[in-house]
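Report on the structure given below.
Throughout, protein chains are lettered first and strands after them, A, B, ... in sequence-line order, and every chain is numbered starting at 1. Heavy atoms only: backbone and side chains are in, while hydrogens, waters and symmetry mates are out. As the structure is a computational prediction, the values presented were derived from the model and not from experiment.
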2 protein chains.
Amino acid sequence: MDRRQEILEAAAKSFSLFGYKATTMDQVAKIANVGKGTIYTFFANKEELFHAIVLKMIEEMRAAADAAFVEGASFQQNAHARLMQMLKFRETHQLYAKLIDEEKALRTPAVSEVLQTIEKEAVSYIQEKIEKAIAKGELKPCDAELVAYLLFKSYLALVVDWGKNHGTELDEERIVALISDTIFKSLVI
Amino acid sequence: MDRRQEILEAAAKSFSLFGYKATTMDQVAKIANVGKGTIYTFFANKEELFHAIVLKMIEEMRAAADAAFVEGASFQQNAHARLMQMLKFRETHQLYAKLIDEEKALRTPAVSEVLQTIEKEAVSYIQEKIEKAIAKGELKPCDAELVAYLLFKSYLALVVDWGKNHGTELDEERIVALISDTIFKSLVI
DNA sequence: GAGTGACCAGAAATGATTTTTAGTCATACG
DNA sequence: CGTATGACTAAAAATCATTTCTGGTCACTC
């Protein structure tokens with residue numbers, strides 16, 4: 001049993017269960033069955049340990065989004081599936097959900113930072129896909145960074161924000177209809 | 001001099017200068033040169049007084065947006081001008097700016113509520129314009145509520161949020177180009 | 001009868017005191 | 001040796017008793 005690995009697993013468990021602030025280094029050490037000092041031979045401080053965990057989560061998110069890909073489906077359909085997958089992650093993935101709660105309730109700065117990082121990562125991911133699609137001739141050339149940003153923010157607004165004000169969730173078909181009518185209209189070749 | 005009017009002016013001044021929480025009823029009474037009890041003959045409580053002030057501000061915002069209208073310009077151009085005007089209001093209008101600060105720093109519930117109301121009002125305003133344009137045959141029929149929501153959130157993201165992550169403001173031409181390429185593409189007749 | 005400000009109860013600020021916790025390092029151990 | 005450890009520390013955070021503030025009322029005034 002790799003000590004570093006034990007620590008990572010213990011930290012992942014604790015951060016997922018209690019969030020960033022409520023996770024203490026003593027607790028991680030206890031769960032991992034190591035002395036507290038040992039943690040500091042692998043990670044400079046609590047925040048770096050946290051970052052390592054979050055990085056792993058980002059990998060999982062990319063993997064989940066990639067898994068939504070369907071060979072032969074249109075770029076639009078795949079982009080939709082990927083975006084929905086990433087947004088579902090906010091509720092599905094225990095750590096992600098916990099961090100969102102903590103951000104709302106506590107405003108822990110380390111958490112706010114990390115959540116921004118995750119969003120940036122999601123936008124980069126979309127941007128990548130757009131650029132590849134342009135290279136393959138599936139999409140017209142466009143400002144990929146901007147379009148990725150607009151797409152992500154639009155999905156966030158329609159899938160996540162809408163429900164908060166209007167009480168009732170927006171159903172997926174209406175979203176697809178709207179987005180493919182508008183944003184995608186000019187992109188698809 | 002109308003006592004009610006004096007109170008409204010005093011309250012507007014104080015809320016704009018100090019925000020909701022830091023404005024005390026004693027202070028409003030002093031500025032308005034009335035006894036504190038007098039305020040309560042016109043307004044049931046602090047929150048209702050606040051609402052009255054905010055309602056006035058919403059009127060001003062609509063008026064500012066209407067003032068951006070140019071006879072003969074395309075719907076798209078006018079919608080852009082109107083949205084930009086409303087978003088500028090966040091920095092321009094002292095009360096609006098103050099409330100945004102207070103929301104970020106204090107999370108005063110009354111302020112969060114009111115800010116949501118203002119956003120809803122802005123979306124309704126856009127929705128109105130879209131519906132009129134559809135009736136006039138300037139736009140294709142569409143789900144006006146959804147499109148208004150998407151438009152507003154997109155502008156908010158591009159004009160307000162973008163700068164926060166990327167450091168540098170997004171310039172207006174790029175925004176126009178993107179939005180007219182995407183969202184408007186399918187709407188305009 | 002409209003207007004007022006002293007008054008009150010509950011909320012919030014203050015600050016002294018205690019507890020918790022991230023990070024260190026002298027020591028034990030293999 | 002060098003790696004792991006947990007007692008230790010300084011600083012941050014929680015707690016709590018006390019004081020101050022503030023929204024709202026109402027007996028009184030003019």
With sequence neighbours left out, the residues meeting ring-ring contact (aromatic ring centres under 6.0 Å, His included) with A/H93 are A/F89
Of all of residues 36-53 of chain A, which get a heavy atom below 4.0 angstrom from DNA chain C, listed by number? A/K36, A/Y40, A/N45, A/K46
A/R3 has an atom CZ; how far is it from atom P of C/dG30, in whole Å? 12 Å
Mind checking what makes ring-ring contact (aromatic ring centres under 6.0 Å, His included) contact with A/F43, not counting sequence neighbours? none
Partner residues of A/Y155 under the ring-ring contact (aromatic ring centres under 6.0 Å, His included) criterion, sequence neighbours left out: A/H80
Where along residues 12-34 of chain B does a heavy atom fall under 4.0 Å from DNA chain C? B/K21, B/V34
Leading and trailing nucleotides of DNA chain D with any atom under 4.0 Å from heavy atoms of chain A: D/dA4 to D/dA14
Salt bridge (Lys or Arg N to Asp or Glu O under 4.0 Å) pairs touching residues 38-55 of chain A, sequence neighbours excluded, are none
Please list, chain by chain and in numerical order, all residues satisfying salt bridge (charged side-chain N to carboxylate O under 4.0 Å, His left out) with B/E121, sequence neighbours excluded. B/R62
Apply the hydrophobic cluster definition, ILVMFWY joined by side-chain contacts under 4.5 Å directly or through others, and give me every member besides A/L17. A/F18
Listing request: all salt bridge (Lys or Arg N to Asp or Glu O under 4.0 Å) pairs with a residue in residues 63-72 of chain A, at least two apart in sequence or in separate chains. A/D66-A/R82, A/D66-A/K129
Could you label the plane-to-plane angle of the A/Y149 and B/W162 rings as parallel, tilted or perpendicular, counting under 30° as parallel and over 60° as perpendicular? perpendicular
Using the salt bridge (charged side-chain N to carboxylate O under 4.0 Å, His left out) criterion, which residues pair with B/K13? Sequence neighbours excluded. none
Tell me, please, which residues at least two apart from A/K36 pass salt bridge (charged side-chain N to carboxylate O under 4.0 Å, His left out). A/D26
